[in-house]
Amino acid sequence: MASIADVPKESFRLSMLIYDTRYRSLTIQVVVFFLVMAGAAWLVDNTYRNLQLLGKDFNFSFLWNRAGYDIPQVLIEYTNDSTHGRAMFIGLLNTLLVAFLGCAAATVLGIVIGVLRLSKNWLVGRLMTVYVEIFRNVPLLLWILLIYTVFIEATPGPNAYRPGADGTPGMEMQLLGTIAVTNRYTAVPDLLFWRSLGDIDLLLFKVSLDLLAIIAALVASFYANRMLLAQATRVQEATGDRPVTWWKSILIWTVPVIAVLSALGFHVEYPRLQGFNFVGGINVSNSLMALWLALTLYTAAFIAEIVRAGIMAISRGQTEAAFALGLRPGRTMNLVILPQALRVIIPPLISQYLNLTKNSSLAIAVGYLDLRGTLGGITLNQTGRELECVLLMMLIYLALSLAISGVMNIYNASVKLKER
Amino acid sequence: METIDRKVDTSHMKVSDEVAIEITAMNKWYGTFHVLRDINMVVNRGERIVICGPSGSGKSTLIRCINRLEEHQAGRIVVDGTELSNDLKNIDKVRSEVGMVFQHFNLFPHLTILDNLTLAPIWVRKTPKKEAEEVAMHYLRKVKIPEQALKYPGQLSGGQQQRVAIARSLCMKPRIMLFDEPTSALDPEMIKEVLDTMIELAEEGMTMLCVTHEMGFAQAVANRVIFMDQGQIVEQNEPVEFFRNPKSERTKLFLSQILGH
Amino acid sequence: MQNTPSFVRTDMLPAQDPPLTEKGAVKWMRENLFSGVLNTTLTIIGAIIIWWLFSAAWPWLRASVWTADNLTECRSIIQQTWGEGATGACWAVIRERWTQFLYGFYPNQLYWRPNLAFVLLFVALAPVLFTQIPRKALWFSAAYPALAYWLLWGGSLWFPVVALFGFVAGWVAFRVLSPVNAILAAAAAAVVPVLFWLLLWGPLTDTLAAILPLSLDMVRSDRFGGFLLSVIIGVTAISMSLPLGIVLALGRQSDLFLVKSLSVVFIEFIRGVPLITLLFTASLLLNYFLPPGTNFDIILRVVIMVTLFASAYIAEVIRGGLAALPKGQYEAADALGLNYWQAQRLIVLPQALKISIPGIVSSFIGLFKDTTLVVFVGLLDPLKGITDAVRASTDWKGIYWEPYIFVGTLFFIFCFGMSRYSMYLEQKLKTDHR
């Protein structure tokens with residue numbers, strides 16, 4: 001029995017650090033750790049010495065100084081007396097604005113193109129293929145610049161809409177006289193309220209109560225509609241017959257919003273020419289229009305491919321099985337194909353949203369003041385704080401991206417197909 | 001043939017005079033390829049027909065024409081008195097009365113087994129959910145996997161999935177069942193469990209059309225074996241006679257290849 | 001007849017042609033264009049769109065002018081030929097300025113150097129892309145970067161050649177020490193080239209240049225522009241980002257916690273910020289991060305940043321490929337007694353890379369398109385840099401469709417070609433499971 005105790009305890013040798021599986025990974029990690037730390041220390045040291053040489057320091061107090069520059073397109077109030085911090089915030093909102101508008105429009109356009117590309121119609125299918133290939137294989141910057149240049153060079157000045165002195169009629173406004181495209185801006189109708197509820201001040205910025213009321217009505221409609229559908233499902237489960245709901249759904253979605261709008265005295269004010277400019281509507285700068293259109297057209301090509309691939313990923317057998325069970329094509333789409341295709345489509349779709357948001361930083365090419373244009377542009381040049389501005393800008397973009405991909409991961413985990 | 005090791009109870013297997021499927025002078029082309037040539041065939045209620053033939057002989061296409069998964073270009077197909085044409089109503093009627101089992105199961109991976117089974121009864125037959133679930137559980141017990149009801153298809157073995165697929169078709173209470181190579185994608189030990197389920201179905205008197213290479217099943221259950229080659233019916237006979245005494249050279253060649261080892 | 005219980009066909013039926021309505025153009029039109037109300041509507045809408053595009057573009061293209069000295073002359077030619085108020089394409093701008101679009105402000109008399117480098121690029125690429133070519137040709141591929149650098153930037157031949165010597169020195173050190181100790185050899189392979197460059201690069205270059213002066217006229221980086229610049233940045237970044245991406249992907253799959261976390265942080269950081277901010281870092285912040293007084297070429301900085309950017313995306317693509325490999329492949333490699341690097345090199349990576357080809361190529365396409373962003377750090381990319389320069393000249397003020405169409409077409413040809421090549425490669429490599 002003594003033999004167990006007799007086994008000599010293996011003494012530790014230096015070579016075991018490398019050749020013994022127990023220590024090897026630890027050794028490698030320690031080495032990596034020291035290399036990384038040394039690299040980081042080198043960078044920090046360099047930065048510190050460089051800052052000293054330039055007589056600069058590293059602090060963010062400039063964000064509370066007066067910005068002193070104007071931003072043509074703002075969502076919340078801002079003057080050139082506001083701080084750099086607020087200018088940064090305006091820029092971020094502008095980034096979010098164009099990202100939101102772009103994502104919404106690109107999704108709609110992308111789905112339409114993707115579905116049409118799958119259609120049995122040869123002509124339309126080919127047309128959509130050409131669209132996708134052309135937009136995917138040419139840099140986004142070209143689309144932004146081209147559209148912007150066309151706006152600037154090929155559209156008339158506001159003056160052209162004025163009737164001539166000799167009585168010749170001016171140019172017609174586009175879209176049944178509701179909008180006017182000019183070489184400086186696009187005048188679009190403004191939405192106004194006779195009996196506005198005013199704004200609520202949230203310290204940092206003001207929010208229109210009218211907007212909140214409309215959002216509240218939509219949220220209420222959403223839940224009411226969900227209740228309606230749940231009710232229909234209950235009836236179906238009990239009796240087998242699903243009550244007809246589509247007209248009720250339409251009523252639920254439209255009536256509350258219309259009620260709120262009419263209570264607020266909603267009306268549309270069309271732009272009209274006064275002096276040398278359009279007034280009454282909103283004059284959307286051409287830089288925003290060009291950026292939005294280009295991001296939409298470009299991203300739609302990618303989304304179309306995602307939609308097409310998602311639907312094609314569902315094997316033909318699924319459709320056939322549903323048909324063989326007697327399900328109609330519409331039901332087959334809703335109950336069998338879409339629930340599966342969405343799992344395939346949504347993750348890459350969200351990463352396209354991410355790309356669009358990052359690509360919106362190309363706003364610099366047309367002078368739209370987004371986050372990159374304010375914090376990373378004018379503020380950076382005025383204060384000379386390159387290090388702080390660029391780092392802060394990167395952090396904000398990073399936070400945006402991580403938030404979006406976090407949402408995506410939660411979604412992925414919740415719809416993952418169960419397999420063994 | 002070793003996969004059938006039980007005595008088949010033939011007491012309920014009765015062929016009536018009532019015509020279930022009638023196919024007359026049916027032709028089908030894929031583009032310019034003549035895939036089915038002058039098919040004439042009458043299936044009476046209660047018949048159990050096995051269709052065999054080399055790959056590419058059009059046997060799968062034939063039974064897929066019967067519930068209009070494929071369109072035929074000439075001739076008539078009448079199922080239970082309903083002629084298949086471009087009329088959607090007729091197609092719906094035929095599809096809800098004819099069940100089909102596929103080679104690759106084609107279960108819906110995003111739904112539980114129970115939801116797979118109740119989907120069509122609820123949306124096509126407009127059965128109340130509770131009733132549909134009772135029927136579903138009944139058939140799951142019948143195919144001997146009631147305990148898997150709340151799992152997802154991906155969590156089941158191939159044999160279990162195919163039995164679920166059979167149960168899914170049965171939930172629609174079909175009068176005719178089509179089987180498109182139901183055991184081809186399965187491992188040998190799973191083939192048996194699926195064939196057992198099919199035999200039970202036959203014993204209850206179901207009208208069955210079966211594309212399969214399981215000759216043991218054909219001998220034990222079928223009342224007629226049809227051999228197809230080059231898109232046409234080459235030979236048909238009662239199973240005993242068909243296997244013991246094939247007439248056509250093509251049939252002999254095929255049988256020697258499939259049984260000869 | 002076939003309905004009788006027993007039936008035997010004696011004569012096989014011959015294949016027949018489908019009925020007339022089932023074949024030819026009529027059937028094709030009926031099925032693909034007019035198979036229903038919706039389909040017919042779509043066809044009509046499609047035809048209207050095509051007609052609209054055609055009627056907008058054709059008169060303009062038809063009135064193309066190829067020779068003119070400036071836009072005014074161009075327009076007057078069009079008016080003379082096609083009547084008052086006619087508009088037309090003025091391709092004369094491309095004819096006059098195409099060298100700028102291709103080479104930027106690279107000296108005219110030296111165009112042969114980028115041309116030669118471009119041709120040699122294909123010679124160097126051939127053995128990498130096609131396995132039929134003798135393996136010895138790979139030596140040329142290895143020497144190509146130094147040669148291309150010398151051709152493009154000029155200066156003494158010995159400068160890039162001595163840089164190559166650094167790699168050779170590292171390799172020699174590795175071979176000498178590897179019988180002694182593998183770890184020591186690996187460390188030497190990393191340290192020796194660095195020491196070589198720090199200590200010997202300058203003196204050795206001077207000595208060799210004194211013995212055998214071989215040099216070309218120097219061309220400064222700010223003269224580079226147009227597609228020359230895009231291709232330089234694109235090709236360098238593509239060839240460097242692939243190995244880096246592989247290392248990052250392996251790091252992310254690693255069992256070593258620290259290695260894995262570092263890879264994840266790096267990849268997610270790069271993927272989370274726009275390329276523009278990284279280019280900004282290259283132009284503005286690198287001065288802070290490097291030792292005081294260091295200053296190196298802006299093109300090199302941009303190439304480094306674009307490489308890092310692309311490698312993070314490629315790492316994610318390859319990670320997908322690694323994840324798609326069955327676990328059995330890893331186990332089989334272990335069972336054969338291969339060590340980690342052998343298993344990766346011989347078993348895992350060849351398969352994972354094959355799966356990832358479409359993703360890798362679309363990353364490359366993205367990278368090539370993104371080379372246009374260098375305009376924002378002051379380089380003359382073909383799209384904005386050169387086009388703006390052309391449009392700013394008095395001769396061509398006001399022209400915009402023609403240069404954008406020209407540059408867009410060239411980009412389209414490059415990118416579409418790459419995507420088709422990847423589809424071809426995918427088909428060719430489809431060897432498994434069949």
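Computed from heavy atoms alone, side chains included, the values below leave out hydrogens, waters and symmetry copies. Worth saying up front: this structure is predicted, and the values here are computed from it rather than measured.
Heavy atoms only, all atoms of each residue included: Leu362(A) and Phe376(C) are closest at CD2-CE1, 3.8 Å. Closest approach of Asn287(C) and Asn50(A) over heavy atoms only: O-ND2, 2.9 Å. Between Gly272(C) and Ser401(A), the shortest heavy-atom contact is O-OG, 2.7 Å.
Chosen from Pro274(C), Cys415(C), Gly46(C), the residue pairing most often with chain A at heavy-atom distances under 4.5 Å is Pro274(C).
At a 4.5 Å heavy-atom cutoff, the contact between Leu123(A) and chain C is made by backbone and side-chain atoms alike. Neither the backbone nor the side chain of Ile152(A) comes within contact range of chain C; no heavy atom of the residue lies under 4.5 Å from a heavy atom of that chain. Neither the backbone nor the side chain of Phe58(A) comes within contact range of chain C; no heavy atoms are under 4.5 Å apart. When heavy atoms are compared at a cutoff of 4.5 Å, Arg372(A) approaches chain C solely by way of its side chain, counted from C-beta outward. Looking at Leu54(A), the atoms closer than 4.5 Å to chain C (heavy atoms on both sides) all sit in the side chain, from C-beta outward.
Here Phe280(C) contributes atom CZ and Met393(A) contributes atom CE; the two are 6.0 Å apart, rounded to the nearest 0.5 Å. Remark: Leu285(C) CG to Glu388(A) CD distance equals 9.5 Å, nearest 0.5 Å.
For residues 362-371 of chain C, heavy-atom neighbours of chain A at less than 4.5 Å comprise Ile365(C), Lys369(C), sorted by residue number. Contacts between residues 138-150 of chain A and chain C, defined by a heavy-atom separation under 4.5 Å, are made by Val138(A), Pro139(A), Leu141(A), Leu142(A), Leu145(A), Leu146(A), Thr149(A), Val150(A).
The closest side-chain heavy-atom distance from Phe257(C) to Ser25(A) is not below 4.5 Å.
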